[in-house]
Enquirer: 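Supplied in structure tokens, the structure appears directly below.
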2 protein chains.
Amino acid sequence: MAGAVADPVRREILLMLRDERLTAGQVAERFAISRPAVSRHLRVLREAGLVRDTADGRRRVYELVTAPLEELAGWLGRLTAPAGWQHHLDALETEVHRTRRERRAQPERSEKPHEPGQRAQAEQRESA
Amino acid sequence: MAGAVADPVRREILLMLRDERLTAGQVAERFAISRPAVSRHLRVLREAGLVRDTADGRRRVYELVTAPLEELAGWLGRLTAPAGWQHHLDALETEVHRTRRERRAQPERSEKPHEPGQRAQAEQRESA
DNA sequence: CTGATGCGTAACTTACTGGTTACGCTTTCG
DNA sequence: CGAAAGCGTAACCAGTAAGTTACGCATCAG
């Protein structure tokens, strides 16, 4: 999802769609890039669930779907509203130094694992 | 900025940094990918202004900077809190049909231009 | 029916991004 | 001082994503 929002063209499209339902052609008119390119941007947004399209005769009308953005908003909220703030500014300072000594003795990591699991090159790219 | 947040690894890093200051090495330990790769992710985040690093002897401590995320939050807010909502669901419906007839007569577009300016392949990619 | 219009897809090119290994620099430790 | 630790950068490779042109299909108008 976040990937869909990363592209400036797509952000612009979403903004345009914020208060107007538009056909594919109307969207394309507003950009310098070719219509097929826009068409694909729309497809990405559609697959990300950020827009919904409705066939209307020989044209296709797109409209914004705000719901999925809540998820992003949630993530953002978790970040901007930190758990403890003053906390580590001094507390962790010492932990860093302590760790530094420990490491030499035991190559294992004694920190909080923060559940990283196994993440590698496969699984990285996110489509939606 | 939004581009920096698009990568899942970077999102994870930001999350980790949410309540701990961490050294580059500590961050790298939590991922399966190589340290240089993480180092570059950190650089991207740094250039995006999302983290700040402090040299501490031979190690480098990273900390989160929440401020720039407000901007993204703002954009998100504009999207999730539409101007008129019920409005166009019926009002614009007719406009679309009206436009459709007009187009034949005058190839110009009579819609709101939404200030698209000139956007093309140069300028697309956003680094920060 | 025939031509024009509106969209989407296919095929292809190009550029960037992310990963890896190799290396260099600075700081710490014995 | 010399070895190792901690980071970052350089060089390189692979995959992806965005753009373009060409084309196909459906719908609407004459």
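Computed over heavy atoms, backbone and side chain alike; hydrogens, waters and symmetry mates excluded. Naming convention: chains lettered A, B, ... in sequence-line order (proteins, then strands); numbering from 1 in each chain. Note that the structure is a prediction, hence the values are computed from the model and not measured.
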Enquirer: For the base of D:dG8, is there a side-chain donor-acceptor partner from B:Arg60 under 3.5 Å away?
Expert: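 Side chain to base: no pair present.
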Enquirer: Has A:Thr23 got a side-chain N or O lying under 4.0 Å from the OP1 or OP2 atom of C:dG6?
Expert: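 Result: no.
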Enquirer: Taking the side chain of A:Pro36 as its heavy atoms from C-beta onward, which of D:dT9, C:dT20, D:dT20 lies nearest to it?
Expert: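 Given the options D:dT9, C:dT20, D:dT20, the side chain of A:Pro36 is closest to D:dT20.
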Enquirer: Strictly distance-based, threshold 3.5 Å: is any side-chain N or O of A:Arg10 a donor or acceptor partner for the main-chain N or O of A:Ala4?
Expert: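 The answer is yes, because a donor-acceptor pair under 3.5 Å joins these two groups.
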Enquirer: Just to be sure I understand the rule, does A:Arg35 reach a base, reach only the sugar-phosphate, or reach nothing, if contact means heavy atoms closer than 4.0 Å?
Expert: base
Enquirer: Does a side-chain heavy-atom distance below 4.5 Å link B:Met16 with B:Val27?
Expert: yes
Enquirer: To the nearest angstrom, how far is A:Asp53 atom CG from C:dG6 atom P?
Expert: 18 Å
Enquirer: Under 4.0 Å between a side-chain N/O of A:Arg10 and OP1 or OP2 of D:dA18, yes or no?
Expert: yes
Enquirer: Is there side-chain contact between A:Trp75 and A:Thr80, with heavy atoms separated by less than 4.5 Å?
Expert: no
Enquirer: Closest nucleotide of DNA chain C for A:Gly25 versus for B:Ala37: which of these residues is on the 5' side?
Expert: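 Nearer the 5' end of the strand: A:Gly25.
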Enquirer: With a 4.5 Å limit on heavy-atom distance, are the side chains of B:Phe31 and B:Ile13 in contact?
Expert: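 B:Phe31 reaches B:Ile13 side chain to side chain.
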Enquirer: Using atom CG of B:Leu42 as one end and atom P of D:dG6 as the other, report the distance to the nearest whole Å.
Expert: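 In whole Å, D:dG6 P lies 16 Å from B:Leu42 CG.
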Enquirer: Find which nucleotide of DNA chain D each of A:Val38 and A:Gly57 is nearest to by heavy atoms, and output the residue with the more 5' nucleotide.
Expert: A:Val38
Enquirer: Within this structure, what is the CD1-to-P distance between A:Ile33 and C:dT14, rounded to whole angstrom?
Expert: 19 Å
Enquirer: Is the backbone N or O of A:Leu64 less than 3.5 Å from a side-chain atom of A:Arg18, with the two atoms forming a donor-acceptor pair by type?
Expert: no
Enquirer: Starting the side chain at C-beta, find the nucleotide from D:dA11, C:dG8, D:dC7 nearest to A:Ala24.
Expert: C:dG8
Enquirer: B:Arg40: what forms a side-chain hydrogen bond (donor to acceptor under 3.5 Å, both in side chains) with it, not counting sequence neighbours?
Expert: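 With neighbours one apart ignored, the set is empty.
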Enquirer: Under 4.0 Å, heavy atoms only, any strand: does B:Arg40 hit a base, just the sugar-phosphate, or nothing?
Expert: base
Enquirer: Can you see if the side chain of A:Ser34 gets near the phosphate of D:dT21 - specifically, an N or O under 4.0 Å from OP1 or OP2?
Expert: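 No, outside the criterion.
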Enquirer: With a cut-off of less than 4.0 Å, is there a side-chain N or O of A:Tyr62 near OP1 or OP2 of C:dG6?
Expert: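 No, because none of the side-chain N or O atoms of A:Tyr62 sits under 4.0 Å from OP1 or OP2 of C:dG6.
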Enquirer: Would you say C:dT17 has OP1 or OP2 under 4.0 Å from some side-chain N or O of B:His41?
Expert: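 Looking at the OP1 and OP2 atoms of C:dT17, neither is under 4.0 Å from any side-chain N or O of B:His41.
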Enquirer: Write down the distance between CZ (A:Arg59) and C1' (D:dA26), rounded to a whole number of angstrom.
Expert: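 It is 13 Å, rounded to the nearest whole Å.
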Enquirer: Whole angstrom is fine here: how far is it from CG in B:Asp7 over to C1' in C:dG19?
Expert: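 Between C1' of C:dG19 and CG of B:Asp7: 11 Å.
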Enquirer: When the distance from CG of A:Leu22 to P of C:dG6 is rounded to whole Å, what number comes out?
Expert: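 Result: 15 Å.
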Enquirer: Under 4.0 Å: is that the gap between some side-chain N or O of A:Arg58 and OP1 or OP2 of C:dG8?
Expert: no
Enquirer: I need the CD-C1' distance between A:Glu47 and D:dA18, as an integer number of Å.
Expert: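 After rounding, the reported distance stands at 15 Å.
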Enquirer: Which nucleotide in the list C:dG18, D:dA4, D:dG19 gets nearest to the side chain of A:Val9?
Expert: D:dG19
